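Take a look at the structure set out below.
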Amino acid sequence: MRKNKLGIFFHAVTIIGILMMESPIILLANRIEPKIFGFPFLIAWILFWWFICTLILLIAYQMDWGRINNRKKEV
Amino acid sequence: MTAGVLIIFLFLVIPLIIGFIAATKAKNTSEDYFIQGRGMGSIAAFFTVAATWWSAFAFLGSNATFYTQGPVYLTAFAWNILFGYLYYVIGKRIWFLGKKFNYITPSDFFGDYYNSEPLRVIVTAILTIFTIPYLQIQLTGGAYLIEVASGNVIPFWLAAALFYIVIIIYVWVGGIRAVAWTDIFYGFLLFFGLLYIGFYAANLVGGTTSLFEQMQQQFSSHLTLPGPEGSAGYARWISLCVITALGALMGPQLWLRMYAVKHGKLFNLMPFLISLLAISYIGSVLVGYTGVIIMPGIENPDQILPIIAMEYMPFVIASIILAGGASAAMSTANSQIHAVSTILTKDYYQRYKNPNASEFKLTQISRYAIVFFSLLAYVLALFAPGLLVTIGLVAFGGTAQLIVPTVGALFWKKSNAKGAIVGLLGGIGITVFLTFVPGLTSPLGLDPAMWGLLINSILFVVISLSTASREQKLVERFEEALSEYQQTEGEMEDKEEKIIKVN
């Protein structure tokens, strides 16, 4: 059961990450200042959410959707 | 100049050698030629998907877009994630069904699920027609890079011809296995080439921090939407992301790679790997913006990367980088040629002309088709030029429409053939209408294919609900298969060899 919830969590975070980059929310980040590590804010925003999504996809692979046998054992 | 030609020569010969080695592993069956007997290993599968996904569109078009339209191409970071995610959610199911029901082409899947011959024909036509323009941009981009990398010793027409002769030879002898193996070589060149030239270019103006400082002072409109021309705002941002991810995912070349994979585990890891690869777009950001500062006003923006490379880098390094760019084009083109020829052979020739064709005959027909499509793309590249990203979007817009009946088949029991047919015709119709009728502009600035997807989805749902459902036997057959997928996915990871194919 816990694994199922974890699976949903990974899907949800991935979708939220995509929405942060692709929904109209992006227009709030559509600015140059403040710069972050020298990058304009818009680029930094995209890199931040890209990093979050990539990390989540790696964790998701390692913890849940890559090891479905674990789910079966728990059930 | 001689060094440049030598590099090009090596660049053309190495894939040939790899292709011939791959051919020695081939078995004498058409299934092996088309989808490697569903036995493609994870490393080859990952690289061939990644390299096929990357194209001249990404290598040249990305820099050009930052150079002329500002930051809209940053949406590529999201489309990589979306593509990888869908490759897992949708691709793995297609892989499972392909293995279970022995599908080889996308039309096999649609024809079987919806039990409709007209739908099968429509899908085949969409895949063939809309893949050719995308093939053309690979050839145009790749040939241009070879021309520049050779120091203009090899003219465009000859570069394009060499480009295709090499591809034809190794696809001819090795089928999809040769394509996948050469894609490993291309993938490496491409990834590191783009990143390297990006940071090299930024250093020309004092590094990344200095680059963005100068951009802010002199060209600040390049750093925010809608860019310096005012035309690349949110509508283009979302259109590029959705249409590119869906259009590529539904392209026949990626579809065959779903069937070809041996182990389902690869699909679990693919979202992370494809997402990770997006970091190479940083190279495009840096090249495009550096170009704005040091080389304003270039006539053809698609040429910004090759021009910076040849102007500012040592010639040998520049040639290697440009060969990496040509890799992007070749790795996509080889897969497309192979995929379209597979469709022609299986979906037209075998299905309607010669159902009892021998394995040898099928492979032969596919090889002739490879030559035919290569010639067609060659003629298009010579006589129908255009901006790479623009042509690419038209091609993706067509194949992207297939996502609607695909999602319907995988997740909605009530979907039926009439809904799929009317939806596809409506979606493609709107896309073509808004794209090609002179004087018409797409509402809200969205890409025509976005409206196509909307109309397609509405028609698909409404018609499916208002017409008779699919035969009960058919519904049950797929319901069982998909619920087997849900239940046994983990088991399959370990015991995939035991899957019983239902012919």
Side-chain angles (χ1 to χ4, degrees), chain A residues 3-4 7-8 10-75, chain B residues 70-71 74-82 84-85 88-89 92 202 207-213 215-216 220-226 233-234 237-238 240-242 245 264-279 281-282 285 289 486-494:
Chain A
K3 281 276 176 185
N4 273 337
I8 293 167
F10 290 133
H11 283 283
V13 174
T14 307
I15 292 165
I16 288 169
I18 294 172
L19 288 176
M20 294 311 249
M21 290 187 268
E22 289 301 321
S23 71
I25 290 172
I26 191 68
L27 295 174
L28 299 175
N30 186 26
R31 58 178 76 178
I32 299 172
E33 297 286 355
K35 288 218 196 74
I36 296 171
F37 299 121
F39 285 96
F41 190 75
L42 178 61
I43 297 179
W45 174 273
I46 291 294
L47 288 177
F48 172 75
W49 285 107
W50 164 80
F51 177 76
I52 294 291
C53 284
T54 307
L55 191 64
I56 281 293
L57 291 171
L58 176 63
I59 297 170
Y61 166 69
Q62 291 190 321
M63 289 190 67
D64 183 67
W65 60 37
R67 296 185 184 177
I68 294 157
N69 281 333
N70 291 349
R71 184 188 297 172
K72 294 179 86 185
K73 279 174 198 162
E74 281 196 20
V75 173
Chain B
L74 285 175
T75 194
F77 283 88
W79 84 44
N80 259 44
I81 297 166
L82 182 60
Y85 181 66
Y88 166 65
V89 173
K92 192 170 182 183
T208 50
T209 307
S210 167
L211 166 67
F212 290 119
E213 288 290 344
M215 285 297 293
Q216 187 176 9
S220 61
S221 62
H222 269 81
L223 296 177
T224 52
L225 302 171
Y234 179 69
W237 177 277
I238 183 79
L240 266 173
C241 176
V242 172
K265 275 179 187 166
L266 176 81
F267 289 90
N268 305 335
L269 185 57
M270 199 59 107
F272 164 69
L273 293 176
I274 294 284
S275 179
L276 187 67
L277 289 179
I279 194 65
Y281 294 129
I282 283 289
V285 174
Y289 286 157
Q486 298 281 8
Q487 289 164 11
T488 65
E489 188 183 28
E491 206 169 306
M492 279 189 63
E493 309 289 357
D494 303 320

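Basis for what follows: all heavy atoms, side chains included, without hydrogens, waters or symmetry-related copies. This structure is a prediction, so every number in the text was calculated from the model and none was measured.
- When every heavy atom of A:Glu22 is checked against every heavy atom of B:Tyr234, the shortest pair comes out as O-OH, 2.6 Å.
- If you measure heavy-atom distances from B:Phe77 to chain A, the contacts under 4.5 Å come from both the backbone and the side chain.
- Contact of B:Val242 with chain A is not made at all, since no heavy-atom distance falls under 4.5 Å.
- When each of B:Leu269, B:Ile238, B:Leu276 is scored by its heavy-atom pairs under 4.5 Å with chain A, the top score falls to B:Leu269.
- When B:Ala278, B:Ala78, B:Gly207 are compared by the number of non-hydrogen pairs under 4.5 Å with chain A, B:Ala78 comes out ahead.
- B:Tyr289 and B:His222 make their closest contact through OH-O, 2.7 Å (heavy atoms, listed as atom of the first residue, atom of the second, distance).
- For B:Pro271, the parts sitting under 4.5 Å from any heavy atom of chain A are the backbone and the side chain alike.
- With no hydrogens or angles considered, a side-chain donor-acceptor pair links B:Tyr281 and B:Asn80 at under 3.5 Å.
- Contact between A:His11 and B:Tyr88 at its shortest, heavy atoms only, is CE1-CE2, 4.1 Å.
- Both the backbone and the side chain of A:Thr54 come within contact range of chain B, each with at least one heavy atom under 4.5 Å from a heavy atom of that chain.
- Residue B:Ile282 touches chain A through its side chain alone, counting heavy-atom pairs closer than 4.5 Å.
- Both the backbone and the side chain of B:Ser220 come within contact range of chain A, each with at least one heavy atom under 4.5 Å from a heavy atom of that chain.
- Among B:Leu211, B:Leu273, B:Val285, B:Ile279, the residue with the largest count of heavy-atom pairs under 4.5 Å with chain A is B:Ile279.
- In this structure a side-chain-to-backbone donor-acceptor pair under 3.5 Å is missing from B:Trp237 to B:Pro226.
- With a 4.5 Å cut-off on non-hydrogen atoms, A:Ile26 touches chain B through its side chain but not through its backbone.
- Only the side chain of A:Ile15 comes within contact range of chain B, with at least one heavy atom under 4.5 Å from a heavy atom of that chain.
- Across all their heavy atoms, A:Lys35 and A:Glu33 have their closest contact at N-OE1, 3.3 Å.
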Hey, can you pull the donor-acceptor pairs under 3.5 Å for the side chains in residues 36-47 of chain A, sequence neighbours left out?
unit_1, atom_1, unit_2, atom_2, d
A:Trp45, NE1, A:Met20, O, 3.0

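- Contacts of A:Leu27 with chain B are made by side-chain atoms alone, with heavy-atom separations under 4.5 Å and no backbone atom involved.
- Considering CD1 of B:Ile274 and CH2 of B:Trp79, their distance stands at 13.5 Å, rounded to 0.5 Å.
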